[in-house]
Chemist: 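Here you go, one structure.
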4 protein chains.
Amino acid sequence: MLFHIDTHSSSPIYEQITSQVKEMCYTGLLRPGEQLPSIRELSSQMVVNPNTVSRAYAELERSGLIVTIRGRGTFVAEVLPERSTPRERARLERMLRRQIIDSYYGGLTREQIRDVTEHCLNELEAPHDGN
Amino acid sequence: MLFHIDTHSSSPIYEQITSQVKEMCYTGLLRPGEQLPSIRELSSQMVVNPNTVSRAYAELERSGLIVTIRGRGTFVAEVLPERSTPRERARLERMLRRQIIDSYYGGLTREQIRDVTEHCLNELEAPHDGN
Amino acid sequence: MLFHIDTHSSSPIYEQITSQVKEMCYTGLLRPGEQLPSIRELSSQMVVNPNTVSRAYAELERSGLIVTIRGRGTFVAEVLPERSTPRERARLERMLRRQIIDSYYGGLTREQIRDVTEHCLNELEAPHDGN
Amino acid sequence: MLFHIDTHSSSPIYEQITSQVKEMCYTGLLRPGEQLPSIRELSSQMVVNPNTVSRAYAELERSGLIVTIRGRGTFVAEVLPERSTPRERARLERMLRRQIIDSYYGGLTREQIRDVTEHCLNELEAPHDGN
DNA sequence: GTGGTCTAGACCACT
DNA sequence: GTGGTCTAGACCACC
């Protein structure tokens, strides 16, 4: 299990972790019931504060993606929760739109934006496209 | 000129303002040389603090999209800012990439992402594709 | 008499005027007793607000470089005042120093800075180097 | 680390701070990776408002000289910012030129101006002359 | 502990 | 009237 953390990114570290775990779950890289590394293990591997990993796990548990069993460890949930509500998807569309405008304004051409989009979509695993 | 701010959004108000001004400039809603609402005017219309609008305008000026003239007001720049540096463009590509991944794993389908992208690009006026 | 005004400059317009009048006086382009253009004349020629020219003239008069005779007009003083006190010169050195550091940091090489300096000094007329 | 601010100066406090930090970086007083005083620390030491220091740090970060890491602090960048754009360099040359002219007509001799320039350039460490 | 954002309100410089 | 700077103090997110 490989994580990639950028301490200089504008998005918080705990979010980088949750986002990557989420991605691994939905692409099947992490299977239901599989055990996640412990907080201490992961934090030392990533060279981040254990509190930060702890917070990431807490958020993931709250969203139902993982479950913690006291004294045993942390595991991927047997049934994955719904990915999002229509409202959240509308929000994502707005954010994507804003990001594209910013990119365009910032100096990327239409072609570059299309290339990034296509390249990026092609790289993604194909999980539950429909839900 | 209508602005819409969402006080519950996670992105700061000044960024919502800059984004909307950028958009207006590139969709042609704001024309080169046109005067923007004064800080006090906009701040009272939006019910936010003048400092917040001031910060948004300052960032827009720094990026070269608008020009302020001492004691007279704020205007859309006559010439669009020059092409950004490779480093900045790389940063924008990374951010766009991240946004697409988040959208996908947040529940948007490939088709929805392509649609938003195309729709958005089509709306934009042709500004600096060639410079 | 030709003035050059940049409304986008960071230094105020009235200061651009006073600085240029001062320069003309000390280089001999404007001779003692010579009449300056009227405020209305100058303001319409420069396309700036008459109040701005008025303020510039007021400052010049306060520093003793020009004199206004009611109903007759504005004239260069017969005897030019001392150019500066040691304290002011120390201040100028500090500002120059700061500007050089900013230039260097901002991307100019040592050679470019030396070139600008030499080129600039060579262009200047040679008035009262000693005072 | 000693800062000196002049509340009577015409240049804003936040600019006095950025200038001094720049200078410390380029004279080697501040080394890459080194931590800067925290905003609250510096603001109380200087007896200015934390917002003012915050603004100075923000500008320095924007120019790439320093890096702030969420919740940890502010550090001198490991790699110096890349070469600025031609437009920015032209702007710097104009400002330098103006400062030299003002210095000259403000009472400094050619020799004094050359001395300040050379002395100042010699103090600076060799940073990005080659990039 | 760190920095980031926002408000409220003051004062100043410029046109 | 315009924008720019600064203060005082609040609240939040992150580590």
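Residue numbering restarts at 1 for every chain, and letters A, B, ... go by the order of the sequence lines. Remember, it's a predicted structure, so these values are computed and weren't measured experimentally. Values below: all heavy atoms of this structure, side chains included; hydrogens, waters and symmetry mates excluded.
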Chemist: Is the backbone of D:Q99 close enough, under 3.5 Å, to the side chain of D:S103 for a donor and an acceptor to pair up by distance?
Modeler: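 At least one qualifying donor-acceptor pair exists.
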Chemist: Quick check on D:R70: does its CZ atom have over 12 non-hydrogen neighbours (other residues, nucleotides or ligands) under 6.0 Å away?
Modeler: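 Yes - once you tally the heavy atoms of other residues, nucleotides and ligands closer than 6.0 Å, there are more than 12.
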Chemist: Using the salt bridge (Lys or Arg N to Asp or Glu O under 4.0 Å) criterion, which residues pair with D:R97? Sequence neighbours excluded.
Modeler: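 So D:R97 forms a salt bridge (Lys or Arg N to Asp or Glu O under 4.0 Å) with C:E123.
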Chemist: Count the heavy atoms belonging to other residues, nucleotides or ligands that lie under 6.0 Å from CZ of C:R40, then report whether that count exceeds 12.
Modeler: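 Counting neighbours around CZ of C:R40, 12 or fewer heavy atoms of other residues, nucleotides or ligands fall under 6.0 Å, so no.
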Chemist: If I compare all heavy atoms of B:P32 with all of B:E78, which pair ends up nearest, and what's the gap?
Modeler: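 For B:P32 and B:E78, the tightest heavy-atom pair comes out as CB-OE1, 3.9 Å.
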Chemist: Are any side-chain N or O atoms of C:S54 and backbone N or O atoms of C:P50, one a donor and one an acceptor, separated by less than 3.5 Å?
Modeler: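 Not confirmed, C:S54 side chain does not pair with C:P50 backbone.
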Chemist: Kindly state which residues belonging to residues 15-24 of chain D come within less than 4.0 angstrom of DNA chain E, counting heavy atoms of the residue only, listed by number.
Modeler: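 Contacts with DNA chain E under 4.0 Å: none.
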Chemist: Can you pull the contact range of chain D along DNA chain E, 5' to 3', using atoms under 4.0 angstrom from its heavy atoms?
Modeler: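 Footprint of chain D along DNA chain E, 5' to 3': E:dG1 to E:dC6.
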Chemist: Could you check whether any side-chain N or O of B:E61 sits under 3.5 Å from a backbone N or O of B:A58, counting only pairs where one atom can act as donor and the other as acceptor?
Modeler: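 No; zero donor-acceptor contacts below 3.5 Å.
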Chemist: Does B:L2, at its CG atom, have more than 12 non-hydrogen atoms belonging to other residues, nucleotides or ligands within less than 6.0 Å?
Modeler: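 Counting neighbours around CG of B:L2, 12 or fewer heavy atoms of other residues, nucleotides or ligands fall under 6.0 Å, so no.
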Chemist: Looking at every non-hydrogen atom in both residues, tell me the closest pair between A:Q45 and A:F3 and how far apart they are.
Modeler: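 That would be NE2-N, 4.3 Å.
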Chemist: Rounded to the nearest 0.5 Å, what's the gap from OG1 on D:T74 to OH on D:Y57? Could you check?
Modeler: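 It is 6.0 Å, given to the nearest 0.5 Å.
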Chemist: Please map the stems of DNA chain E, keeping only stretches of three or more Watson-Crick or G-U wobble pairs with both distances under 3.5 angstrom.
Modeler: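 The stems are E:1-14 with F:1-14.
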Chemist: Is the shortest side-chain N/O distance from D:R72 to OP1 or OP2 of F:dC15 below 4.0 Å?
Modeler: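 Checking F:dC15 against D:R72, no side-chain N or O comes under 4.0 Å of OP1 or OP2.
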Chemist: Taking DNA chain F as the partner, which of residues 46-55 of chain D come within under 4.0 angstrom of it by heavy atom?
Modeler: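 Nucleic-acid contacts, sorted: D:V48, D:N49, D:N51, D:T52, D:R55.
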Chemist: Salt bridge check: are D:R89 and D:E93 linked by an N-O gap of less than 4.0 Å?
Modeler: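 Not counted as a salt bridge, because no side-chain N and carboxylate O are separated by less than 4.0 Å.
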Chemist: Has the side chain of B:E59 got a donor or acceptor atom that lies under 3.5 Å from a matching backbone atom of B:T18?
Modeler: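 No; judged by distance alone, with no hydrogens or angles, the pair does not exist.
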Chemist: Under 3.5 Å, side chain of B:S43 to main-chain N/O of B:I39, donor-acceptor pair present?
Modeler: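 At least one qualifying donor-acceptor pair exists.
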Chemist: Just the rounded figure in Å: distance from P of F:dC15 to OH of A:Y14.
Modeler: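 Whole-Å distance recorded here is 8 Å.
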Chemist: To the nearest 0.5 Å, what is the distance between CD (B:Q16) and CZ (A:R98)?
Modeler: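 Reported value, rounded in 0.5 Å steps: 8.5 Å.
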Chemist: Strictly distance-based, threshold 3.5 Å: is any side-chain N or O of A:Q20 a donor or acceptor partner for the main-chain N or O of A:H4?
Modeler: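 Indeed, once roles are kept as given, a pair shorter than 3.5 Å links the two residues.
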Chemist: What are the residues of residues 33-40 of chain D, sorted by number, that bring a heavy atom to within less than 4.0 Å of DNA chain E?
Modeler: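 Heavy-atom cutoff 4.0 Å gives D:S38, D:I39, D:R40.
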Chemist: Pick the closest DNA chain F nucleotide for B:G71 and for B:A58 by heavy atoms, then say which residue is nearer the 5' end.
Modeler: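 Counting from the 5' end, the first nearest nucleotide belongs to B:G71.
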Chemist: Classify the nucleic acid contact of D:I69 as base, sugar-phosphate or nothing, counting any heavy atom under 4.0 Å across all strands shown.
Modeler: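 No contact at all - D:I69 keeps every heavy atom at 4.0 Å or more from the nucleic acid.
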